[in-house]
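Numbered from 1 within each chain, the chains take letters A, B, ... in sequence-line order.
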Protein chains: 2
Amino acid sequence: MEINKAVSALSALSQENRLTVFRYLVQAGLEGVPAGQIGEHLGLPLSTLSFHLSQLKHAGLVKCRREGRTLFYSAHYAAMNELMGYLTENCCQGISGNRKTSSRPRKVRASKK
Amino acid sequence: MEINKAVSALSALSQENRLTVFRYLVQAGLEGVPAGQIGEHLGLPLSTLSFHLSQLKHAGLVKCRREGRTLFYSAHYAAMNELMGYLTENCCQGISGNRKTSSRPRKVRASKK
DNA sequence: TCCATATTTCCAATATTATGGAAATATGAT
DNA sequence: ATCATATTTCCATAATATTGGAAATATGGA
C-alpha cells in the first residue's frame, strides 16, 4: 500500500459519523446492512449518510450490493487489513522484532452471524 | 480509548504531510528530531510544518522536548499503540478469535539507534 | 546589551469537507 | 401507467483545514 491510499483510508475513518458507520458495518458482517437501517442506527438524514457512505466507498473501505430497491453496505475487510498492515509497517517501527519483511498483520475475519 | 480520541488520532494521520512527518519520527527513534531537520526532510516552510506538528501534538501522537533553542519532536509510541488497539477492537471484528477481551494488540517498541 | 538561531504565532487567502432539503433515479408492486 | 419505497444526486450554506509570509517569542553567545 502506498501513502496516498493510506491517506484516503485514514481520511475516510477520521470523521466521527463515518467511523461509527464503519464500526457498525464491521460488526454487522459480510451480508451487509441496508442504507436506511444505517441511517436509523445513526439518526442521520439520508442525504448526509449517503455522502459519508460514498466517501467510505471511494476509499475502498466499504462495498455495496443492490437487492431489489435496497442497497446493502458492508465493510471491506481486506481493505482494512491493508491499512492495518501499512500502519504496522510504517508507523509502528519495532513491532514484529523489527524485521520489515515479517511484519505481516494477522488476517481479519468476518463475524459469524 | 473512546471514539473522539480515535477520531483525533486518525485526523492527525489523515493528511499526507503529517503522515510523512509521523513515519519519519517513528523511524527516527526516541531521542527525536529537531523541527528544522523535519522541515528540511519534507521541504516544507517552517510555519506550515509547525502547524502540522501542533496538530500531531494535539492529537497526542508526538511529544517534544526543548534542548537549548531547538525543539526535538518524537513519536509517542504508546499513543499509536492505543490507536492500533482501538482499530483492532472496533474495526477488525474477528481478529484474535473474536473474543473481545483478548484482542489486545502486541506492544510497539522504539527502534534501536 | 545586541545579535544570531530555532521555532512558533498571527493573519489572510484559498481550498476542502460536512450538512440537509429538494429533486432525481431505480426498482418493484398493483 | 401509476404509485410507493429506497436511495442518490444536486445545490447552497456553513464549517473546518491548509498554506506561507511576516512578526513575535525563546534561547544562547559575544
Nearest heavy-atom contact between B/A35 and B/L53 is CB-CD1, 4.2 Å
Walk me through it: do A/V21 and A/L49 pass the test side chain to side chain contact (heavy atoms under 4.5 Å, CB included)?
CA-CA 9 Å; A/V21 166; A/L49 173 67; 4.0 Å; yes
Without decimals, in angstroms, what is the distance between A/I38 CD1 and D/dT8 C1'?
14 Å
How many Å lie between CG on B/L13 and P on D/dT18, as a whole number?
12 Å
Between B/L19 and A/C91, does the side chain to side chain contact (heavy atoms under 4.5 Å, CB included) criterion hold? Intermediate values first, please.
CA-CA 9 Å; B/L19 184 53; A/C91 299; 3.9 Å; yes
Indicate whether OP1 or OP2 belonging to C/dA6 is found under 4.0 Å from a side-chain N or O atom of B/Y73.
no
Under 4.0 Å from any atom of DNA chain C, heavy atoms only: list the residues of residues 39-50 of chain A that qualify, in numerical order.
A/P45, A/S47, A/T48
Any base atoms under 4.0 Å from A/F72, or only sugar-phosphate, or nothing? Heavy atoms, all strands.
nothing
With distance as the sole test, does B/R66 use its side chain to make a donor-acceptor pair with the main-chain N or O of B/G68 at under 3.5 Å?
yes
Compare all side-chain heavy atoms of B/K5 with those of B/E82 and state whether any distance is below 4.5 angstrom.
yes
Between B/R23 (side chain only) and B/L25 (backbone N and O only), is there a donor and an acceptor less than 3.5 Å apart?
no
Measure the OG-CG distance between B/S14 and A/L13 for me, rounded to the nearest 0.5 Å.
9.5 Å
Specify the residues of residues 51-71 of chain A, ordered by number, for which at least one heavy atom lies under 4.0 angstrom from an atom of DNA chain D.
A/R69, A/T70, A/L71
Separation of D/dT16 atom P from A/E16 atom CD, nearest Å, is 13 Å
Could you check how far CZ of A/R18 sits from P of C/dT17, rounded to whole Å?
9 Å
Considering just the side-chain nitrogens and oxygens of B/Q37, establish if one lies under 4.0 Å of OP1 or OP2 belonging to C/dT7.
no
Residue pairs passing the ring-ring contact (aromatic ring centres under 6.0 Å, His included) test with at least one member in residues 31-76 of chain A, sequence neighbours excluded, are A/Y24-A/H41
